[in-house]
Amino acid sequence: GQSLEQPSEVTAVEGAIVQINCTYQTSGFYGLSWYQQHDGGAPTFLSYNGLDGLEETGRFSSFLSRSDSYGYLLLQELQMKDSASYFCAGGGYNNNDMRFGAGTRLTVKP
Amino acid sequence: SAVISQKPSRDICQRGTSLTIQCQVDSQVTMMFWYRQQPGQSLTLIATANQGSEATYESGFVIDKFPISRPNLTFSTLTVSNMSPEDSSIYLCSVEPPGRETQYFGPGTRLLVL
């Protein structure tokens, strides 16, 4: 099984940079994913790290360190629309046994 | 990406009844998943429904309560049986397209059991 821990809430201002950390305890861990979910909406995929290091997709980047069982999501140039919940998720091979963290609620203020 | 639709989008049901939720995908996928999410909470995997095999249920979920069908590569149903108020939740299906290390989620079914 797997368990993932992330902060429950983060607040930042427009234009700032915010980092959401995720630590995990797993067996058979294959990679770390990040999802964004706005209130009332479905989770949408942001990023995946199958290997150690940094993955960059526009304003969002994600990092994984397997030796530290740790990853993070970095959001740059924050916009009001980035206010949402962000989930880290760890899966086994073919995403079997996928587990989601409790989610981090990001509030972006003017 | 994959486009996923779910029916119904929401429902209010009486305890003791059953509701079947449908999930339709616009492309053929082998791997399909069913999740439950309480408002403001995380997602909990109910079962993995791969076409051509029996659904695999996670701890705490049983086939008698949550029977799943997967008749083809684009469709699946989840039934919530003998409902109680504790079953009130959002139910989401997701798929993992071949070669993609990600899941795409349907819009969810909001269920309220009275």
Side-chain angles (χ1 to χ4, degrees), chain A residues 1-9 20 22 24 26-51 55 57 60 62 64 71 73 83-107, chain B residues 1-7 9-10 21 23-25 29-61 89-112:
Chain A
Q2 305 179 59
S3 66
L4 301 97
E5 294 188 7
Q6 52 183 127
S8 59
E9 295 182 355
I20 300 174
C22 176
Y24 61 87
T26 73
S27 59
F29 175 83
Y30 274 81
L32 193 69
S33 301
W34 289 91
Y35 291 83
Q36 178 192 61
Q37 186 177 32
H38 287 97
D39 288 346
T44 57
F45 171 76
L46 290 177
S47 186
Y48 173 77
N49 293 78
L51 301 173
E55 291 286 338
T57 307
F60 296 170
S62 60
L64 175 65
L73 178 69
S83 292
S85 292
Y86 292 83
F87 296 90
C88 60
Y93 180 69
N94 277 341
N95 271 326
N96 286 334
D97 196 27
M98 174 78 87
R99 292 288 182 265
F100 282 76
T104 298
R105 186 165 188 87
L106 170 64
T107 302
Chain B
S1 65
V3 178
I4 305 166
S5 60
Q6 284 186 235
K7 290 181 180 180
S9 59
R10 62 180 66 239
I21 302 169
C23 180
Q24 180 76 51
V25 190
V29 292
T30 301
M31 304 187 68
M32 186 174 283
F33 308 89
W34 286 98
Y35 289 85
R36 184 168 71 181
Q37 184 179 32
Q38 301 284 351
Q41 303 295 315
S42 186
L43 292 88
T44 301
L45 181 64
I46 298 172
T48 301
N50 293 340
Q51 201 276 334
S53 62
E54 296 291 323
T56 303
Y57 289 82
E58 297 299 307
S59 176
F61 298 96
S89 189
I90 301 169
Y91 292 84
L92 300 117
C93 67
S94 74
V95 301
E96 180 177 313
R100 297 296 308 275
E101 298 292 344
T102 181
Q103 293 186 22
Y104 295 95
F105 285 83
T109 296
R110 286 157 179 74
L111 171 62
L112 175 63

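We name chains A, B, ... by the order of the sequence lines, and we start the count at 1 in each one. Quick caveat: nothing in here was measured; it's all calculated off a predicted structure.
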*asked:* Using only atom types and a distance under 3.5 Å, with no angle test, would you say the side chain of B:Arg110 pairs donor to acceptor with the backbone of A:Gly40?
replied: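 The answer is yes, because a donor-acceptor pair under 3.5 Å joins these two groups.
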*asked:* Which one wins on heavy-atom pair count under 4.5 Å against chain B: A:Gly101, A:Ser47, A:Ala89?
replied: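 Looking at each of A:Gly101, A:Ser47, A:Ala89 in turn, A:Gly101 comes out on top.
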*Less than 6.0 Å separating the ring centroids of B:Phe105 and A:Phe45?*
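Between B:Phe105 and A:Phe45, the centre distance exceeds or equals 6.0 Å.
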*So which part of B:Leu43 gets closer than 4.5 Å to some heavy atom of chain A, the side chain, the backbone, both or neither?*
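Backbone plus side chain of B:Leu43, per the 4.5 Å heavy-atom cut-off to chain A.
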*Just wondering, are more than 12 heavy atoms of other shown residues or ligands nearer than 6.0 Å to CD in A:Glu5?*
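For A:Glu5, atom CD is not crowded (no more than 12 foreign heavy atoms under 6.0 Å).
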Nearest non-hydrogen partners of [X] and [Y], listed with the distance:
{"X": "A:Ala42", "Y": "B:Gly106", "value": "CB-O, 3.1 Å"}
{"X": "A:Tyr35", "Y": "B:Gln103", "value": "OH-N, 3.0 Å"}
{"X": "B:Gln41", "Y": "A:Phe87", "value": "O-CZ, 3.9 Å"}

*OG-CD distance between B:Ser42 and A:Gln6, expressed to the nearest 0.5 angstrom*: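 One gets 7.5 Å once the value is rounded to the nearest 0.5 Å.
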